[in-house]
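Single-structure report; data block below.
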Amino acid sequence: MTHAGGTIAAEHQTVAELGEFGLITALSGWLPPDPRTLVGIGDDAAVLAAPDGRVVASTDFLLEGRHFRRDWSSGTDVGHKAAARSLIDIAAMGAVPTGVLVALAAPPDLPVSWVRDLTEGLAAECARAGAAVVGGDTARAGSVLLAVTGLGDLAGRAPVLRSGAAPGDLVAVTGPLGHSAAGLALLDAVHTASPPHPPAWAGSLAAAHRRPQPPYDAGPQAADLGATAMIDISDGLLADLGHIASASGVLIDLSSDRLSPDAELQAAARLLHPSSSRTARGSKPGPSHALAWVLTGGEDHALAATFPPAVALPPRWKVIGTAREGRGVVVDGQPWSGSAGWDHFRAVLDPPHFASLRAVLAAGGRPPWYPRTSLRSGQC
């Protein structure tokens, strides 16, 4: 592959062999130009046009071993996910994403081809959101780490905060819920064992974890509709709506009937938790694990927002509850008995979802949706 300056970076070359400045030159050559970037990669800082006069900014980490694994995510997958995590935060403010700054730390033996794939994923996800990669930094580390700063423009809108919900507001979501958590459970289960005949739907759930597809345009849409508060679902629906409830001083009451897990989640729950997927009489599958993915899974990067009750919502926005006087988040009027979602420092992730995964799967080859990659080499 050729990068700016004419130097050839071989497919097998590592970042140590290419060098820091050779890598930066290569990165600038792999990224498409953006007309809003007045000064791009190559100077001390980027200069972007800001038509609104205000800039919306948000930063997210993506750590190998914590947010992704190179033995089940390609470099392209990681690029998409890294950009998505920051860009949806911009949309959740009611803003239009415009750019990202990407700081990459990597081990010296990381293949340049993996970084190229990462860059392609970043650029493709930015393009899906209407944004661009405008700059960043590189450093050496023992594993791959990305810090992505998303930038956006409010286009004359007031920002939609977490603190504006009021009693009587409707609570609505757009985008999938629980798919990333179910995909993570499936990927975790097949790391050492797999079902002998994996169902086709498992691939879409695994893809939802590796490469989420946030509804970027729904953020500005919600702002234009009069949303009073908004947040993206990164740590779990209950946990993230808890932030709105706390900031707004309201109680959010969700309806489990309006959060019924779809067929894929129900099937994944039956596959991974066969012992608990039937009633005592063995008659019907139980929804508990699938519903828990919906309520607490996180990393789907859907959007949740509150709206005045008189607002006519488009079909993409599904009403799942209401805000009323009080504090906190309840389901069907009752507190949720399990963990509400993810907390980085408490490492809250409901253990029952993962404790018996490998035990219930028969040994065998990896399913076709599980990437055959090497964690040690990082090749994808």
Quick check: closest heavy atoms across A141 and P108, and the distance to 0.1 Å? O-CD, 4.3 Å

Pairs flagged by side chain to side chain donor-acceptor pair (under 3.5 Å) wherever residues 144-165 is involved - sequence neighbours left out: T59-T149, R157-D224

Name every donor-acceptor pair, under 3.5 Å, that has one atom in a side chain of residues 125-135 and the other anywhere in the protein, sequence neighbours excluded.
{"residue": "E125", "atom": "OE1", "partner": "H80", "partner atom": "ND1", "Å": "2.7"}
{"residue": "E125", "atom": "OE2", "partner": "R128", "partner atom": "NE", "Å": "3.2"}
{"residue": "E125", "atom": "OE2", "partner": "R128", "partner atom": "NH2", "Å": "3.3"}
{"residue": "E125", "atom": "OE2", "partner": "Y216", "partner atom": "OH", "Å": "2.6"}
{"residue": "R128", "atom": "NH2", "partner": "P214", "partner atom": "O", "Å": "2.8"}

The side-chain hydrogen bond (donor to acceptor under 3.5 Å, both in side chains) partners of T98 (sequence neighbours excluded) come to none

Decide, yes or no, whether a salt bridge links R140 with E20 under the criterion of side-chain N to carboxylate O below 4.0 Å. no

How would you list, by chain and number, every residue that makes a side-chain contact (heavy atoms from CB on, under 4.5 Å) with S58, sequence neighbours excluded? D60, D89, I90

Separation between CZ of R258 and CD1 of I320, rounded to the nearest 0.5 Å: 9.5 Å

Side-chain atoms of residues 326-334: list all donor-acceptor pairs with protein atoms under 3.5 Å, sequence neighbours left out, distances to 0.1 Å.
{"residue": "R327", "atom": "NH1", "partner": "G249", "partner atom": "O", "Å": "2.9"}
{"residue": "D332", "atom": "OD1", "partner": "S256", "partner atom": "N", "Å": "3.0"}
{"residue": "D332", "atom": "OD1", "partner": "S256", "partner atom": "OG", "Å": "3.4"}
{"residue": "D332", "atom": "OD2", "partner": "S256", "partner atom": "OG", "Å": "2.5"}

Decide salt bridge (charged side-chain N to carboxylate O under 4.0 Å, His left out) for R70 and D77; before the verdict, give the C-alpha distance in whole Å, the side-chain angles of both, and the deciding distance to 0.1 Å. CA-CA 10 Å; R70 278 191 280 146; D77 289 334; over 6 Å; no

Under the side-chain contact (heavy atoms from CB on, under 4.5 Å) test, which residues partner L145, sequence neighbours left out? F61, L63, A105

Euclidean distance, L254 CG relative to L238 CG, rounded to 0.5 Å: 6.5 Å

Taking the basic N atoms (NZ, or NE/NH1/NH2) and the acidic carboxylate oxygens, is any pair closer than 4.0 Å for E64 and R69? no

